[in-house]
Every structure is written in structure tokens, then in C-alpha cells.
Asks: 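This structure is in C-alpha cells; I'll ask about it shortly.
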Amino acid sequence: QVQLVESGGGSVQAGGSLRLSCAVSGYPDSAYSRACMAWFRQVSGKEREGVVVIDTEGSTTYTESVKGRFSISKDNVKARLFLQMNNLKPEDSGMYYCVMDGRFCRGAHLMWGWYTYRGQGTQVTVSS
């Protein structure tokens, strides 16, 4: 059974940083490097938003509001996905989810419903 477990969320003041991690288990090691993965976030009462995707070829696409502040990375040996978040703003607050799918994807593949595997989320709260 494939599981994604996020960690690293917390409460910070505006301008601070957090690093989110997503640990993947139960997925074939040989296929992980080619998996399409992304981070989404959702604020209570608002629509879920795709933050960044790292596609099958390793290219990344960020939503405009986080460009230059967030950075996604992937450890193919340890089957982990990371999201480094710098210069955080109150509007970055929300529940952050890690998602994954073994199918090929390219570019801005930020459709929540497409991803087969999803974590339970980790809460990020940024105060002004």
C-alpha cells in the first residue's frame, strides 16, 4: 500500500521559513524517480490550490504567487519530496498536501483529481 506522509508544518511569522517533507512508502523504488509529484494547499473554506509540480522529467512549475520564494526538490534514493518555503506570507497559510502519480506528466500538471496518491496534509500557519 502506497502511503505519503507529510511533515514539517508549523507556525511562523511573516518572513520566516519552513521546510516541508513528504515521505513515500510502499512504492517501487525503481519507479519513484519517474513519478509525477506535486504540493497542493488549501485554506478552510477556499478552493484547493496547486502550488508546485515536479514532472516526470524533473521539470518544475510553480504557481505565480510562490515563484522565487518556494523550492521543490526530490530525493530519489530516500523516496522523499521536499518543499522549501522562504519569505512566508500570511496568505501562504493552509493545509499542505503532497500528491503523487506514476503516470507520465509534463509541465503545469496541477489537477488534484488526477493524482492517485495523496497525503493527509501538514498545517502551515503564517502570522503577520
Asks: Enumerate the disulfide bond (SG atoms under 2.5 Å apart) contacts for residues 38-75, please, sequence neighbours excluded, ordered by first and then second residue.
Replies: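 Disulfide bond (SG atoms under 2.5 Å apart) check on residues 38-75 returns no pairs.
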
Asks: Which pairs count as side-chain hydrogen bond (donor to acceptor under 3.5 Å, both in side chains) when at least one residue sits in residues 119-128, sequence neighbours excluded?
Replies: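 Checked against side-chain hydrogen bond (donor to acceptor under 3.5 Å, both in side chains) - neighbours excluded - no pair reaches residues 119-128.
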
Asks: Check side-chain hydrogen bond (donor to acceptor under 3.5 Å, both in side chains) between Asn87 and all other residues, then give those that pass, not counting sequence neighbours.
Replies: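 Not a single residue meets the side-chain hydrogen bond (donor to acceptor under 3.5 Å, both in side chains) criterion with Asn87.
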
Asks: What pairs with Ser7 under side chain to side chain contact (heavy atoms under 4.5 Å, CB included), at least two apart in sequence or on another chain?
Replies: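 Per chain and number, Ser7 pairs via side chain to side chain contact (heavy atoms under 4.5 Å, CB included) with Ser21.
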
Asks: Give the intermediate values and the outcome of side-chain contact (heavy atoms from CB on, under 4.5 Å) for residues Leu81 and Ile72.
Replies: CA-CA 7 Å; Leu81 185 73; Ile72 191 172; 3.9 Å; yes

Asks: Would you please name every residue forming a side chain to side chain contact (heavy atoms under 4.5 Å, CB included) with Ala23, sequence neighbours left out?
Replies: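 Per chain and number, Ala23 pairs via side chain to side chain contact (heavy atoms under 4.5 Å, CB included) with Arg80.
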
Asks: Quick one: does Phe70's side chain get under 4.5 Å of Val51's, heavy atoms only?
Replies: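 SC-SC contact between Phe70 and Val51 confirmed.
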
Asks: Can you list every salt bridge (Lys or Arg N to Asp or Glu O under 4.0 Å) pair that touches residues 14-36, not counting sequence neighbours?
Replies: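 Matches after skipping sequence neighbours: none remain.
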
Asks: Test question: given the 4.5 Å side-chain rule for I, L, V, M, F, W and Y, name all other residues clustered with Met111, or answer none.
Replies: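 Result for Met111 is Phe40, Val53, Met95, Tyr97, Val99, Leu110, Trp112, Trp114, Tyr115.
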
Asks: Can you measure from OH (Tyr117) to CG (Asp101) and round to the nearest 0.5 angstrom?
Replies: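 Tyr117 OH to Asp101 CG: 7.5 Å, rounded to 0.5 Å.
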
Asks: Cation-pi check for Tyr32 against Lys74: NZ or CZ below 6.0 Å from the six-membered ring centre and within 45 degrees of the axis, yes or no?
Replies: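 Here Lys74 passes the 6.0 Å and 45° test against Tyr32.
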
Asks: Which heavy atom of Asn86 sits nearest to which heavy atom of Gln84, and what is that distance?
Replies: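 Smallest interatomic distance, heavy atoms only, reads OD1-NE2, 2.8 Å.
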
Asks: Among pairs that include at least one residue of residues 48-67, which meet side-chain hydrogen bond (donor to acceptor under 3.5 Å, both in side chains), considering only residues two or more places apart or in two chains?
Replies: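 Every side-chain hydrogen bond (donor to acceptor under 3.5 Å, both in side chains) pair that includes a residue of residues 48-67, provided the two are not neighbours, is Arg41-Glu49, Arg41-Ser65, Gln42-Arg48, Glu57-Arg106, Glu64-Lys67.
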
Asks: Can you run down the disulfide bond (SG atoms under 2.5 Å apart) pairs that involve residues 53-103, sequence neighbours left out, and say none if there aren't any?
Replies: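 For residues 53-103, and leaving out neighbouring residues, the disulfide bond (SG atoms under 2.5 Å apart) pairs sorted by first residue read Cys22-Cys98.
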
Asks: If only atom types and distance count, is the side chain of Lys89 paired as donor or acceptor with the main-chain N or O of Gly15 below 3.5 Å?
Replies: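 Checking the backbone N and O of Gly15 against the side chain of Lys89, no donor-acceptor pair under 3.5 Å is found.
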
Asks: Do any pairs count as a salt bridge (Lys or Arg N to Asp or Glu O under 4.0 Å) and have a residue in residues 118-127, sequence neighbours left out, and if so which ones?
Replies: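 As it turns out, there is no salt bridge (Lys or Arg N to Asp or Glu O under 4.0 Å) pair with a partner in residues 118-127 once direct neighbours are skipped.
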
Asks: Kindly indicate whether the side chain of Met100, heavy atoms from C-beta on, has any atom under 4.5 Å from the side chain of Val2.
Replies: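 Yes, close enough: below the 4.5 Å cut-off.
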
Asks: Tell me, please, which residues at least two apart from Val12 pass side chain to side chain contact (heavy atoms under 4.5 Å, CB included).
Replies: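 Val12 satisfies side chain to side chain contact (heavy atoms under 4.5 Å, CB included) with Leu18, Leu88, Val126 once adjacent residues are dropped.
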
Asks: Are Tyr27 and Leu4 side-chain neighbours, meaning at least one heavy-atom pair lies under 4.5 Å?
Replies: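 Of all side-chain heavy-atom pairs linking Leu4 with Tyr27, none is under 4.5 Å.
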
Asks: With disulfide bond (SG atoms under 2.5 Å apart) as the rule and sequence neighbours excluded, what pairs involving residues 35-65 come up?
Replies: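 Matches after skipping sequence neighbours: Cys36-Cys105.
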
